2 protein chains.
Amino acid sequence: MPALPAPDSMDAAPAAASAGPAFSPLYRQIKALLVKSLNSGEWKPGELIPSEQELASRFGVSQGTVRKAIDEMAMENLLTRRQGRGTFVATHAEQNIQYRFLRLAPDKGPASGMARHFMDCRRMRAPAEVARALELKPGDSVLQIHRTLSRMGRPVVLDEIWLPATPFKGLTADRLAQYAGPMYGLFETEFGVRMIRAEEKIRAVAADARTAEILQVAVGAPLLNVERLSHTYHDKPVELRRGWYDTSTHYYRNELN
Amino acid sequence: MPALPAPDSMDAAPAAASAGPAFSPLYRQIKALLVKSLNSGEWKPGELIPSEQELASRFGVSQGTVRKAIDEMAMENLLTRRQGRGTFVATHAEQNIQYRFLRLAPDKGPASGMARHFMDCRRMRAPAEVARALELKPGDSVLQIHRTLSRMGRPVVLDEIWLPATPFKGLTADRLAQYAGPMYGLFETEFGVRMIRAEEKIRAVAADARTAEILQVAVGAPLLNVERLSHTYHDKPVELRRGWYDTSTHYYRNELN
DNA sequence: CAGTGGTCTAGACCACACC
DNA sequence: GTGTGGTCTAGACCACTGA
């Protein structure tokens with residue numbers, strides 16, 4: 001009955017490392033189409049997407065099927081549902097779901113924002129590990145950003161951020177400093193790159209001389225080292241971030257579910 | 001139409017710090033009943049629960065409503081659905097969903113299991129912070145366990161585990177050592193306590209003399225300090241765990257979604 | 001008020017596991 | 001084959017938003 005193209009199974013099939021067409025239900029095909037529209041920029045972050053009824057008739061399926069597709073996408077933080085208003089493309093520019101990526105909380109006091117200071121933003125050839133992580137060709141152009149986060153005037157975080165030069169052409173330290181709100185919000189509005197998901201590798205390391213000076217700690221002091229690889233739609237990596245956190249008055253919070 | 005008791009709204013209502021009855025849909029009431037059955041031990045970890053049809057007729061609702069309740073519980077890892085077989089109570093004793101709580105991975109090689117060594121298991125009065133975390137009265141009896149995890153013969157993790165003595169009466173280091181499989185599996189089968197969810201606070205710290213000797217690192221070496229508070233049904237805290245991880249050849253992996 | 005997402009129902013059929 | 005969960009549909013009504 002539904003008039004859809006081939007049941008391509010390009011979606012989450014956890015157990016499928018083997019062959020086989022791996023049956024893909026209708027709602028996943030709908031979901032794939034919706035993700036495609038998000039990725040192409042047809043609907044931008046913060047915008048309202050068509051109603052479930054309209055999408056249902058557009059795709060020639062029932063509202064329930066569209067609903068199930070949207071349900072999954074809402075759970076993955078791709079979309080945000082608001083009863084009575086509609087369904088919106090999720091965005092990092094909102095205040096409500098903040099601190100989704102910065103997991104550092106102070107030992108005492110509220111988890112208020114931290115003061116940002118951008119030290120530099122340089123363009124250079126990608127070092128080997130950076131190129132590998134970002135799936136670039138060796139020698140491709142990348143941006144390297146250094147910044148700190150401070151609370152109560154004391155630096156707590158030093159970040160080294162690597163971005164592929166291609167989608168982020170024209171990004172400067174000034175541009176970063178002038179933008180109010182989360183960095184990932186700027187990436188969305190200015191460069192059309194939305195961060196969806198990230199993996200982090202966390203270690204305890206000893207502060208080297210340069211880091212110690214910036215964070216105002218002793219050389220050799222224990223620091224939390226967080227290496228984050230962030231992805232946009234379709235699991236494409238677009239940011240490598242290395243952070244050094246002074247955890248003497250802050251901690252990294254995590255939830256295991 | 002549905003013949004259910006009062007629409008008690010004791011479930012996840014994130015925005016409700018204010019007053020109001022906070023309308024609770026049918027499927028959440030069903031979910032609350034199912035959680036109650038799990039908590040009471042009517043269905044034990046690993047067991048098959050009644051089919052959706054049977055639950056639907058038992059509660060006097062449609063299958064779709066039961067389905068939605070079970071969907072949420074499956075997402076929270078309370079239940080596991082298996083097509084063609086039925087719905088089972090989730091358990092830590094299974095091999096498939098391992099490493100849900102131990103997030104430490106080796107830099108190279110597969111994330112194979114680690115050798116456990118239990119150093120001691122003592123009964124004592126709860127220190128103030130432990131009592132507070134576990135919501136016990138000051139001076140209540142608790143168990144303190146020390147253990148290490150090793151890979152390739154080298155110690156990587158030192159854990160200090162605090163458990164309330166009441167549900168865990170009779171737990172000994174021998175009992176722990178003899179049980180094959182994850183510790184939380186033993187807690188389920190022997191003591192009827194299932195860990196559902198945990199919060200972790202992570203820091204980088206310098207190794208003290210005692211820890212350094214156990215982990216065979218230098219005094220002052222940077223270690224990952226992980227403080228975990230684990231909860232069972234209804235968010236009741238039942239375990240406080242403090243871990244020190246040597247991250248020179250391992251890292252703590254995390255996913256941000 | 002109209003329009004949206006949210007809930008609930010009833011029934012059909014499919015995919016899968018076990019006998 | 002029988003029984004389970006998984007998908008899909010169609011329609012009704014509820015709760016919420018904003019004009």
Side-chain angles (χ1 to χ4, degrees), chain A residues 1-4 7 9 11-16 18 20-32 34 43 47-75 78-90, chain B residues 1-4 7 9 11-16 18 20-32 34 43 47-75 78-90:
Chain A
M1 191 68 75
L4 275 182
S9 62
D11 218 315
S18 61
F23 162 74
S24 172
L26 240 191
Y27 75 88
R28 281 203 189 277
Q29 301 175 42
I30 302 297
K31 182 182 168 189
L34 294 175
W43 307 312
E47 284 184 5
L48 179 68
I49 75 169
S51 73
E52 296 179 352
Q53 274 298 357
E54 175 169 348
L55 290 171
S57 65
R58 177 186 303 185
F59 294 132
V61 301
S62 80
Q63 186 190 2
T65 300
V66 171
R67 168 162 275 278
K68 189 152 187 181
I70 293 180
D71 275 345
E72 281 201 2
M73 295 172 71
M75 192 131 34
L78 301 182
L79 298 175
T80 302
R81 321 189 75 143
R82 294 187 215 174
Q83 183 171 137
R85 298 187 56 191
T87 302
F88 298 77
V89 181
Chain B
M1 192 67 73
L4 274 182
S9 63
D11 218 316
S18 61
F23 162 73
S24 171
L26 241 192
Y27 74 89
R28 280 202 190 277
Q29 302 175 42
I30 302 296
K31 182 182 168 188
L34 295 176
W43 307 313
E47 284 184 6
L48 178 67
I49 75 169
S51 73
E52 295 179 352
Q53 275 296 356
E54 174 169 347
L55 290 171
S57 63
R58 177 186 301 186
F59 293 132
V61 301
S62 80
Q63 186 190 3
T65 300
V66 170
R67 169 163 274 278
K68 189 151 186 182
I70 293 180
D71 275 345
E72 281 202 2
M73 295 173 70
M75 193 133 36
L78 301 182
L79 298 174
T80 302
R81 322 190 73 142
R82 294 187 215 176
Q83 182 172 138
R85 298 186 56 191
T87 302
F88 298 77
V89 182

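Everything numeric here is computed off the predicted structure, so don't read it as measured data. Naming: A, B, ... by sequence-line order, numbering from 1 per chain. Both backbone and side-chain heavy atoms feed into the values below; hydrogens, waters and symmetry mates do not.
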In whole angstroms, how far is the C1' atom of C:dC18 from the CZ atom of B:Arg82? 14 Å
Expressed in angstrom and rounded to an integer, what is the separation of A:Asp71 atom CG from C:dC8 atom P? 14 Å
Collect all protein-nucleotide pairs involving nucleotides 13-17 of chain C in which both atoms are nitrogen or oxygen and the distance is under 3.5 Å.
| from | atom 1 | to | atom 2 | distance (Å) |
| --- | --- | --- | --- | --- |
| C:dA15 | N3 | B:Gln83 | OE1 | 3.1 |
| C:dC16 | O4' | B:Gln83 | OE1 | 3.0 |

From NZ of A:Lys68 over to P of C:dC8, roughly how many Å is that when rounded to an integer? 17 Å
Taking A:Val89's backbone N and O only, do any of them form a donor-acceptor pair with A:Glu47's side chain (distance below 3.5 Å, no angle check)? no
Calculate, to the nearest 0.5 Å, the distance between atoms CZ and OH belonging to A:Arg67 and A:Tyr27 respectively. 14.5 Å
Atom-to-atom span, NZ of B:Lys31 to C1' of C:dC8 - whole angstrom: 18 Å
Is there side-chain contact between A:Arg28 and A:Lys68, with heavy atoms separated by less than 4.5 Å? no
Give the rounded distance in Å between these two atoms: CE of B:Met75 and P of D:dG5. 17 Å
Starting from P on D:dA10, measure out to CG on A:Leu26 and report it in whole angstrom. 12 Å
Nearest-neighbour nucleotide for the A:Thr87 side chain, D:dT7, D:dT9, C:dG5 considered: C:dG5
Contacts of B:Glu54 that satisfy salt bridge (charged side-chain N to carboxylate O under 4.0 Å, His left out) - sequence neighbours left out: B:Arg58
Could you pick out which residue, B:Ile49 or A:Gln63, lies toward the 5' side of DNA chain D when each is mapped onto its nearest nucleotide? B:Ile49
Does C:dT7 have its OP1 or OP2 closer than 4.0 Å to a side-chain nitrogen or oxygen of B:Thr65? no
Rounding to a whole Å, what distance do you find between A:Gln53:CD and D:dT9:P? 12 Å
According to a strict under-4.0 Å criterion, is A:Arg67 in side-chain N/O contact with OP1 or OP2 of C:dG5? no
Are any of B:Ser62's side-chain N or O atoms less than 4.0 Å away from OP1 or OP2 of C:dA10? no
Roughly how far, to the nearest 0.5 Å, is the OG1 atom of B:Thr87 from the CG atom of B:Leu79? 6.5 Å
Rounded distance (Å) that lies between atom P of C:dT4 and atom CD of A:Glu54: 8 Å
With side chains defined as the heavy atoms from C-beta onward, is the minimum distance between B:Leu55 and B:Ile70 less than 4.5 Å? yes
Assert: residue with more 5' nearest nucleotide on DNA chain D, out of A:Tyr27 and B:Gly86, is B:Gly86
State which residues pass side chain to side chain donor-acceptor pair (under 3.5 Å) with B:Gln53; sequence neighbours excluded, sorted by chain then number. B:Gln63
